[in-house]
Trainee: 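This structure is in C-alpha cells; I'll ask about it shortly.
For reference, positions follow the sequence shown, starting with 1.
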Amino acid sequence: RSRLYKETTDEMNFPHLQKVMEEYAMYLLNSTKSNLPDTYRIKSKLNFVFEIDGNFYEIVFHSPDYFKWVENGRGPGKNPPIKAIEDWITIKHITPYPTAKGKLPTKKQLAFLISRAIGRDGTKATPTFALSRALDEDRSYWNDQIDKAITEDVYDNVDVLLKLHR
C-alpha cells in the first residue's frame, strides 16, 4: 500500500493548475502596477513569482524592503539606515537648503537629519492599497479558474493512475 501511494504521488502532475497560477501571478503583477500612481518608481521593482515546492504551489510577492514603509508608514523609534535615505535623496533629486545658520548640508548630513527626524516622528502612511486591490479584484473569477484547473488535473491524474495500475 505505501509503495503504491509513493508511486502515485511521484507520478501526479498538475499542469492545468500550474498554467492558471502562472497567469494569476501575471494578472496580480499587472493589476498591482496599474493600481499604483504613475509617479511611483517602485512599479518596476515589483514582481509576483509562481513557485512549486514539492506538492505546494504558491505565488510569492517580491518588492523592495521600503515598500512596506510606503504603504503602512512607520512609527517613531529607531532611526532608519542613513544609506537608504541617501539613496532616496538621489532618486528623488532632493536638494538641501541652508540651515538656520546658513550652512548647506552635504547629502550625508541631510540623510542623517532626515533619518533622525523619521526616528523621532515616524512617517505617515501613504497607502495605495494596490496589493489588496489586486487580490480583491476578480477574486471569484480566479477562484473558479483554480477550482477548474485542479478538477481537470485530478481527473487527468486518476485516468493516468488507472491505466498504470491495471
Trainee: Quick one: closest heavy-atom pair of Asn47 and Val49, and the distance?
Mentor: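 That would be ND2-CG2, 3.7 Å.
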
Trainee: With side-chain contact (heavy atoms from CB on, under 4.5 Å) as the test, would you mind laying out the steps for Ile85 and Phe112 before giving the verdict?
Mentor: CA-CA 8 Å; Ile85 303 296; Phe112 172 79; over 6 Å; no

Trainee: Do Ile118 and Leu110 share a hydrophobic cluster (ILVMFWY, side-chain heavy atoms under 4.5 Å, transitive)?
Mentor: yes

Trainee: Does the side chain of Lys43 pick up a donor-acceptor pair with the side chain of Thr32 at under 3.5 Å?
Mentor: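 On atom types as modelled, these side chains do not qualify, holding no pair under 3.5 Å.
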
Trainee: May I ask whether Met26 and Ile52 are part of the same hydrophobic cluster, defined by side-chain heavy atoms of I, L, V, M, F, W, Y residues being less than 4.5 angstrom apart, directly or through others?
Mentor: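 Hydrophobic grouping puts Met26 with Ile52.
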
Trainee: Please answer whether the main-chain N or O of Ile91 pairs with a side-chain N or O of Arg41 as donor and acceptor at a distance below 3.5 Å.
Mentor: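 Answer holds: yes.
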
Trainee: Do Lys103 and Pro98 come within less than 4.5 Å of each other through their side chains, counting heavy atoms only?
Mentor: no

Trainee: So Ser31 and Glu137, do their side chains get closer than 4.5 Å, heavy atoms only?
Mentor: yes

Trainee: Atom OH in Tyr24, atom CG in Asp138: separation rounded to 0.5 Å?
Mentor: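 Nearest 0.5 Å value for the OH-CG distance: 9.0 Å.
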
Trainee: Assess whether ring-ring contact (aromatic ring centres under 6.0 Å, His included) is satisfied between Tyr40 and Phe67, documenting all intermediate values.
Mentor: CA-CA 11 Å; Tyr40 274 44; Phe67 184 71; 8.1 Å; no

Trainee: Could you report the tightest heavy-atom contact between Leu104 and Gln109, atom names first, then the distance?
Mentor: O-OE1, 4.3 Å

Trainee: Applying side-chain contact (heavy atoms from CB on, under 4.5 Å) to Val20 and Phe14, what does each step give before you reach the verdict?
Mentor: CA-CA 10 Å; Val20 168; Phe14 292 88; over 6 Å; no

Trainee: For Pro15 and Asn13, work out which heavy atoms get closest and say how close.
Mentor: CD-C, 3.4 Å

Trainee: How would you list, by chain and number, every residue that makes a salt bridge (charged side-chain N to carboxylate O under 4.0 Å, His left out) with Asp65, sequence neighbours excluded?
Mentor: none

Trainee: Applying salt bridge (charged side-chain N to carboxylate O under 4.0 Å, His left out), name anything that partners Glu152, two or more places apart in sequence or on another chain.
Mentor: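 Glu152: no salt bridge (charged side-chain N to carboxylate O under 4.0 Å, His left out) contacts found.
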
Trainee: Search all heavy atoms of Tyr27 against all heavy atoms of Ala134 and return the closest pair with its distance.
Mentor: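 For Tyr27 and Ala134, the tightest heavy-atom pair comes out as CE2-O, 3.8 Å.
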
Trainee: Linking I/L/V/M/F/W/Y whenever their side-chain heavy atoms sit closer than 4.5 Å, directly or via other members, would Val154 and Leu162 fall into one cluster?
Mentor: yes

Trainee: Would you give the length of the straight line joining atom CZ of Phe48 to atom CG of Leu29, rounded to the nearest 0.5 angstrom?
Mentor: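 Result: 6.5 Å between the selected atoms.
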
Trainee: Assigning hydrophobic clusters by single linkage (Ile, Leu, Val, Met, Phe, Trp, Tyr; side-chain heavy-atom cutoff under 4.5 Å), is Leu113 placed with Ile94?
Mentor: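 Not linked; separate clusters.
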
Trainee: More than 12 foreign heavy atoms under 6.0 Å from CG of Asp136: is that the case here?
Mentor: yes

Trainee: How close do Arg133 and Asn35 get, heavy atom to heavy atom, and via which atoms?
Mentor: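 Smallest heavy-atom distance, with atoms named: CB-ND2, 3.5 Å.
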
Trainee: Using 0.5 Å steps for rounding, measure from the CZ atom of Arg116 to the CG atom of Asp121.
Mentor: 10.5 Å

Trainee: Output all residues satisfying salt bridge (charged side-chain N to carboxylate O under 4.0 Å, His left out) with Lys108, sequence neighbours left out; order by chain, then residue number.
Mentor: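 By the salt bridge (charged side-chain N to carboxylate O under 4.0 Å, His left out) rule, Lys108 matches no residue at all.
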
Trainee: Below 4.0 angstrom, N of the basic side chain to O of the carboxylate: do Asp87 and Lys83 qualify?
Mentor: yes

Trainee: Out of curiosity, Thr151 OG1 to Asp156 CG, how far, rounded to the nearest 0.5 Å?
Mentor: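 Here the interatomic distance stands at 10.5 Å.
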
Trainee: Please report the C-alpha distance between Trp142 and Leu28 in whole Å, then the side-chain angles of each, then the deciding distance to 0.1 Å, and finally whether the side-chain contact (heavy atoms from CB on, under 4.5 Å) criterion is met.
Mentor: CA-CA 11 Å; Trp142 287 105; Leu28 288 172; over 6 Å; no

Trainee: Drop me the distance from Asn79's CG to Ser115's OG, to the nearest 0.5 angstrom.
Mentor: 4.0 Å

Trainee: So, do Leu46 and Pro64 sit near enough that their side-chain heavy atoms are less than 4.5 Å apart?
Mentor: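 With C-beta onward as the side chain, the pair touches.
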
Trainee: Is there side-chain contact between Ile146 and Ile150, with at least one heavy-atom pair below 4.5 Å?
Mentor: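 They are in side-chain contact.
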
Trainee: Taking atom CD1 of Ile114 and atom CD of Glu86, what is their separation to the nearest 0.5 Å?
Mentor: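 It is 10.0 Å, given to the nearest 0.5 Å.
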
Trainee: Verify side-chain contact (heavy atoms from CB on, under 4.5 Å) between Thr90 and Lys107, making sure each step is shown before the conclusion.
Mentor: CA-CA 9 Å; Thr90 301; Lys107 182 165 56 168; 2.6 Å; yes

Trainee: Closest heavy-atom contact between Ala125 and Glu71?
Mentor: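 Closest approach of Ala125 to Glu71: CB-O, 3.6 Å.
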
